[in-house]
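Structure first, commentary second.
Indexing begins at 1, ligand by ligand and atom by atom, following the structure's order.
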Amino acid sequence: MSKLSKAELKVLKIGGSVITDKNGELAPRTGEIARLTKEIQESNVKRLIIVHGGGSFGHPPAEKYAIKDGFKEDSQKIGFSETHHVMTMLNGLLMDSLIWHEVPAVSVTPSSCIITESGRIKHFEDSAIRALLNMDFIPVLYGDAVVDSKLGFTILSGDQLVSTLAMRLNAERIIFGVDVDGIYDADPKIEKTAKLFKHLNREELERLQSKFCKPTVRDVTGGMFGKIVELLPAVESGIPVTIMNATKPGNICRVLEGKPVQGTIVGKD
Ligand code: IP8
């Protein structure tokens, strides 16, 4: 099996808030999915892994049945099945659109190749992903309900998956497509004067992490806080992360082409 080339591999996370309406339930943004997949096709990117979040598909049943906390009673089992199933439905919508746009994407089911231990990835059978990349396919994964060796089952976030994949497969860059322009010093949806960070290093990120922990901003920055925590190991290992707005037309195409976009770049130094 040939060695993966570090030079080109990018890992793209598409946030659940970009491809679904988080105020609804099972509410895909089909127009956004079509636009994003067209941009991926237009960028002509070759070495790419896509990971998407759960949005209004995975999160409602995961919350209803407390899947993240692990197995406690039999009544949760149908919730585990449902959470995984609705993620395959969202994934199917993205896959339909990618393939319609002639992107050679192949869906890889996280719950079939990953086992976590207390919520952290412990076993990851990634040889199919490596083989797909070597043939210039684009593997597509997602946050999922997975088996956990201590908890019975749990929720694996797309964010942990992105960091792990990037480190295992020697990616040159992680791109986080979210619904704001990057990391701010306050919540940009509430505070009009919030300042966007253009660049952050590891220490600055860690300082922000404690700020984002504060209950006053927890609601809206909870998602961003979770991302920041998961990004740290990848950043530490030298993989830069671009956090950018995937809802702005043209941004995903530009970033995949290696062109500058507005956003926050998180690097080791
Ligand atoms: O949206 C969670 O993935 P995320 C997926 O990346 C589920 O946190 C199943 C809730």
Side-chain angles (χ1 to χ4, degrees), residues 11-29 32-33 36 49-71 76-95 107-116 118-121 124 139-148 151-166 174-180 183 209 212 218-234 241 243-247 252:
V11 181
L12 168 67
K13 165 88 194 281
I14 305 177
S17 57
V18 176
I19 53 171
T20 75
D21 175 1
K22 279 193 157 182
N23 295 318
E25 238 180 80
L26 301 179
R29 293 192 199 275
E32 285 297 283
I33 292 174
L36 284 167
I49 299 180
I50 300 173
V51 177
H52 65 83
S56 65
F57 281 69
H59 287 279
E63 195 184 335
K64 179 175 169 198
Y65 292 95
I67 303 302
K68 195 171 196 304
D69 302 339
F71 173 73
Q76 288 173 292
K77 281 188 176 171
I78 195 66
F80 179 84
S81 300
E82 186 183 327
T83 305
H84 169 67
H85 177 62
V86 293
M87 286 309 300
T88 67
M89 285 166 61
L90 178 59
N91 178 252
L93 296 177
L94 190 66
M95 297 308 299
S107 174
V108 177
T109 304
S111 58
S112 300
C113 57
I114 293 172
I115 297 176
T116 55
S118 303
R120 310 305 304 171
I121 293 175
F124 192 167
V140 183
L141 296 90
Y142 44 90
D144 201 1
V146 298
V147 168
D148 186 287
L151 300 170
F153 50 58
T154 192
I155 296 295
L156 169 65
S157 76
D159 303 323
Q160 186 186 156
L161 197 43
V162 162
S163 284
T164 306
L165 282 164
I174 292 172
I175 299 160
F176 260 86
V178 290
D179 65 349
V180 289
I183 299 181
Q209 192 180 325
F212 285 145
R218 196 183 53 195
D219 270 13
V220 217
T221 53
M224 195 60 90
F225 169 68
K227 290 183 202 328
I228 289 170
V229 172
E230 292 298 350
L231 291 179
L232 287 173
V241 181
I243 301 172
M244 43 80 72
N245 197 332
T247 70
I252 284 289

Could you check whether the rings of Phe153 and Phe80 sit parallel, tilted or perpendicular, using 30° and 60° as the cut-offs?
parallel
Which of the atoms of ligand 1 are close to Thr83, meaning less than 4.0 Å from one of its heavy atoms?
9 (C)
Option whose closest heavy atom lies nearest to atom 1 (O) of ligand 1, chosen from Gly54, Ser111, Gly16:
Gly54
Apply side-chain contact (heavy atoms from CB on, under 4.5 Å) to the pair Asn91 and His52, showing each step before the final yes or no.
CA-CA 8 Å; Asn91 178 252; His52 65 83; 3.2 Å; yes
Under 3.5 Å between some N or O of ligand 1 and some N or O of His59?
yes
Atoms of ligand 1 close to Ser157 [distance to a heavy atom under 4.0 angstrom, numbered from 1]:
3 (O), 6 (O), 8 (O)
Under 4.0 Å from one or more heavy atoms of Gly53, ligand 1 contributes atoms 1 (O), 4 (P), 6 (O)
Is there a donor-acceptor contact under 3.5 Å from the side chain of Asp144 to the main chain of Val146?
no
Check: Asp179/Thr247 side-chain N/O donor and acceptor closer than 3.5 Å
no
side-chain contact (heavy atoms from CB on, under 4.5 Å) between Ile50 and Ile14, intermediate numbers included:
CA-CA 7 Å; Ile50 300 173; Ile14 305 177; 3.9 Å; yes
Is Glu25 salt-bridged to Lys64, cutoff N-O under 4.0 Å?
no
side-chain contact (heavy atoms from CB on, under 4.5 Å) between Lys13 and Leu161, intermediate numbers included:
CA-CA 9 Å; Lys13 165 88 194 281; Leu161 197 43; over 6 Å; no
As an exercise, identify every atom of ligand 1 less than 4.0 angstrom from a heavy atom of Gly158.
3 (O), 4 (P), 6 (O)
Quick one: does ligand 1 sit under 4.0 Å from the side chain of Met87, the backbone, both or neither, non-hydrogen atoms only?
side chain
Taking 4.0 Å as the limit for heavy-atom contacts, which would you say applies to Lys13 with ligand 1: side chain only, backbone only, both, or neither?
side chain
min-distance protein heavy atom vs atom 7 (C) of ligand 1 -> Ile155 CG2, 3.9 Å
